[in-house]
Amino acid sequence: MAWIYLLLGGLFEIGWPLGFKLAHGSSGKVLWIAFSVLSMALSGLFLFMAQKTIPIGTAYVVWTGIGAVGTLLIGIFFFNDPASFWRLFSAFLVVAGIIGIKIAS
């Protein structure tokens with residue numbers, strides 16, 4: 001169950017920068033900022049729950065990795081962020097590092 005909590009925490013970690021991005025130039029600025037704050041709280045809560053059984057270092061790397069790579073991909077697919085070889089290769093290295101840490105723990 002802890003890994004499900006960690007996955008959920010990582011997904012909510014994507015939610016807060018997305019909410020901040022959507023708040024720019026939006027008539028619903030306050031709602032998107034509230035969405036960001038709620039995402040932060042839920043992200044932290046799920047990380048807290050996951051750390052009951054998953055080592056802190058492993059949990060943190062997976063949690064931030066999901067958030068970082070997920071946010072990068074949302075930027076590429078929905079906000080026309082650049083998708084250069086080096087950005088994608090670097091994201092691949094993050095994922096490879098997460099897998100390596102999971103295997104080692």
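Quick note: numbers below take in every heavy atom, side chains included, and nothing from hydrogens, waters or symmetry partners. Predicted model only: the values in this text are computed from it and were never measured.
In this structure, CZ in Arg87 is found 5.5 Å from CG in Asp81, a value given to the nearest 0.5 Å. Atom OG1 of Thr71 sits about 11.0 Å away from atom CD1 of Ile66, to the nearest 0.5 Å. One distance of note links CZ of Phe92 with CH2 of Trp86; it measures 12.5 Å at 0.5 Å rounding. Of the inter-residue distances, the one linking Gln51 atom CD with Leu47 atom CG reads 4.0 Å to the nearest 0.5 angstrom. Summarising the geometry, atom CD1 belonging to Ile33 is positioned 14.0 Å from atom CG belonging to Leu38; distances are rounded to the nearest 0.5 Å. The distance from atom CG of Leu7 to atom CH2 of Trp3, rounded to the nearest 0.5 Å, is 10.5 Å.
Looking at heavy atoms from C-beta onward, Ile76 lies in side-chain contact with Leu88 at the 4.5 angstrom threshold. The closest side-chain heavy-atom distance from Trp16 to Leu42 is not below 4.5 Å.
The two atoms that bring Ala50 and Ala2 nearest to each other are CB-O, 3.5 Å, heavy atoms only. Of all heavy-atom pairs spanning Gly15 and Ser36, the tightest one is O-OG, 4.4 Å. Summarising the geometry of Phe46 relative to Phe12, their closest heavy-atom pair is CE1-CE1, 3.6 Å, with the distance given to 0.1 Å. Taking each heavy atom of Gly9 and Ser43 in turn, the nearest pair found is O-OG, 3.0 Å.
Val30 and Val37 fall into different hydrophobic clusters, where Ile, Leu, Val, Met, Phe, Trp and Tyr side chains are chained together by heavy-atom contacts under 4.5 Å. With hydrophobic clusters built from ILVMFWY side chains whose heavy atoms lie under 4.5 angstrom apart, Phe78 shares a cluster with Leu22. Cluster annotation: Leu11 is connected to Leu6 through the hydrophobic network of ILVMFWY side chains, with a link wherever side-chain heavy atoms come within less than 4.5 Å.
The ring pair (Phe, Tyr, Trp, His ring centres under 6.0 Å) test applied to Tyr60 returns Trp63, not counting sequence neighbours. Looking at residues two or more places apart in sequence or on another chain, you find no side-chain hydrogen bond (donor to acceptor under 3.5 Å, both in side chains) involving Trp32.
None of Val69, Leu73, Leu72, Ile74 except one satisfies the side-chain contact (heavy atoms from CB on, under 4.5 Å) rule with Ile14; the exception is Ile74.
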